[in-house]
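To start, the structure under review is shown below, and the notes come after it.
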2 protein chains.
Amino acid sequence: MDPKSEHDAQSARKRGSGVRIVYELLRDEIIDLSLPPGSPIDEVQLAERFGMSRTPIREALVRLAGEGLVENLPNRSTIVSNIDFVNLHTFFDAMTLMYRVTTRLAGQYHRPEDLETIRKHQARFAAAVAAADALAMIAANRDFHAAVAEAGRNPYFTGLFLRLLDEGRRILRLYYQSFDDRLPQEYATEHDGIIAAIAARDVDLCDRLARAHADQIVRQIQAFVARDQRQDIAL
Amino acid sequence: MDPKSEHDAQSARKRGSGVRIVYELLRDEIIDLSLPPGSPIDEVQLAERFGMSRTPIREALVRLAGEGLVENLPNRSTIVSNIDFVNLHTFFDAMTLMYRVTTRLAGQYHRPEDLETIRKHQARFAAAVAAADALAMIAANRDFHAAVAEAGRNPYFTGLFLRLLDEGRRILRLYYQSFDDRLPQEYATEHDGIIAAIAARDVDLCDRLARAHADQIVRQIQAFVARDQRQDIAL
DNA sequence: TGCATTTTATTTGTCGACACAAAAACCGGA
DNA sequence: TCCGGTTTTTGTGTCGACAAATAAAATGCA
């Protein structure tokens, strides 16, 4: 894409929308690793790229820092947060608990229209699996679970879970890059089971399925990390 | 205090420290209700009060908005977030779970030095209870549980828990204002039990005690809310 | 050449000013 | 008095510029 197009597209823009645009774009680029962990973020460069002053850029960066996607070195450039492989188990713990809690609450508090939304995302997910499109699958998986969490109607849990899901996307992204996009079919059928459990309002079943789903994902990532470390040693 | 003193104190100040000062002060004022929910926050007024430009003020406000302590009405002044009494149960759910999880993890992962810190905060808490100082008690209670969470060493849980504890301080503050600072002695002994369970690394006991502690607090706040609503109806 | 020190360059943190949007005040007619 | 539209006021969103701090380059000395 012409680097100037973004500039021109922004030249006539509603007051207050600039921050959101920059925030969302940086966020996406961090999550899909087009901005790799540790890479520095230059404010003036971004300002030129978007055709705006540094002020809204800085505000977007402050927001991203608040979510932990970006780290601010005082008087020095802010950098994309690193993935902490050493303390990955804390991530797994939090992820597993949030999977369980949000699914349980969805079983308790969901309304009919929630199921529609959830099923829509599951359809997108199944399509991505069928097409062997790892990236679309990762994104749809995130949206599926985000929709489940929304149906649970607890903003505190949803907030943390969304953060974890996004952080998980960065890790999964890494995972599927190095494993040549081998896609585990189990995910799709597991999702169907979760939907059925939510629809039946069977809270205990929701909990068990969510836990199994989380364990499945955690095991796969752990296998990846272990393999990756072995390769490091081999070098 | 002389309104000019803050200005003067800041007039020679290290680059980059301004945001932190404003952030922490606003945060404290929001939590202890000296800035009541719904009250507007004027940027120029704050800028004059602190003797700095609006830029660092705005950055502090963006951070506070990220933590949900403040709400940003586009093109209109940002206001202190309201306490949502209707969905208070979602807060209780999250609070209870975080009490349990962080205490469990503290039982699992704490180191000897963690216990020292925890006991120090508990001493402060006991002193506040003895002195019938509700405000000091609320603050020490928060620090006690924050220290327990730190000992659990899961930043995701700790992050959410700290947010909940601060939000809880706002609610508790309201509670003790209207109940003439009647202090439940149970809290102090409950804390001692939790410390013992952590030190013994008895995870199940940690869970049970944390749950009981959370239930205790939730019941008290619920009683307060119920009573408050009855008064509203009476009017 | 190798190291310590000074100088330059780069990038952030802060400022004051202006443009814009929404709310509040105003006003004239019924 | 009340109501619709107009003007003023208030306070945010954005900008360009400058100052401070750090890193990189250059310089001097042994």
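Any value given below was found using the heavy atoms of this structure, including those in side chains, with hydrogens, waters and symmetry copies removed. Labels below follow one simple rule: chain letters A, B, ... track the order of the sequence lines, proteins then strands, and each chain is numbered from 1. All of these numbers come straight from a predicted model, not from anything done at the bench.
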Can you check each nucleotide of nucleotides 14-22 of chain D against protein heavy atoms at under 4.0 Å and return B for base, S for sugar-phosphate only, - for none, in 5' to 3' order? BB-B-BBSB
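Atom CD of A:Glu48 is separated from atom P of C:dT11 by 11 Å (rounded to the nearest Å). One can place CG of A:Leu46 at 13 Å from C1' of C:dT11, the figure rounded to the nearest angstrom. Here C:dT14 presents its P atom at 11 Å from CG of A:Asn72, a figure rounded to the nearest Å. The distance between atom CD of A:Gln45 and atom P of C:dT11, rounded to the nearest whole Å, is 9 Å. The interatomic distance linking B:Ile79 (CD1) with D:dG11 (P) rounds to 15 Å, in whole Å. Between B:Ile57 atom CD1 and D:dG13 atom C1' there is a gap of 16 Å when expressed in whole angstrom units. Here the C1' atom of nucleotide D:dG13 and the CD atom of B:Glu43 are 9 Å apart, to the nearest Å.
In this structure B:Arg100 satisfies the salt bridge (Lys or Arg N to Asp or Glu O under 4.0 Å) test together with B:Asp207, sequence neighbours excluded.
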Criterion side chain to side chain donor-acceptor pair (under 3.5 Å) on B:Asn141 and B:His121, from CA distance to verdict: CA-CA 8 Å; B:Asn141 179 65; B:His121 288 300; over 6 Å; no
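Stacking of B:Arg63 on the aromatic ring of B:Tyr23 is recorded, both the 6.0 Å distance cut-off and the 45° axial limit being met.
Looking at heavy-atom distances under 4.0 Å, B:Ile41 makes contact with sugar-phosphate atoms alone, never a base.
In summary, B:Arg58 and B:Glu43 engage in a salt bridge, as defined by a charged side-chain N under 4.0 Å from a carboxylate O.
Not one N or O on the side chain of A:Thr78 forms a donor-acceptor pair closer than 3.5 Å with the backbone of A:Asn72.
Nearest heavy atoms, A:Arg170 versus A:Ile30: CD-O, 3.3 Å.
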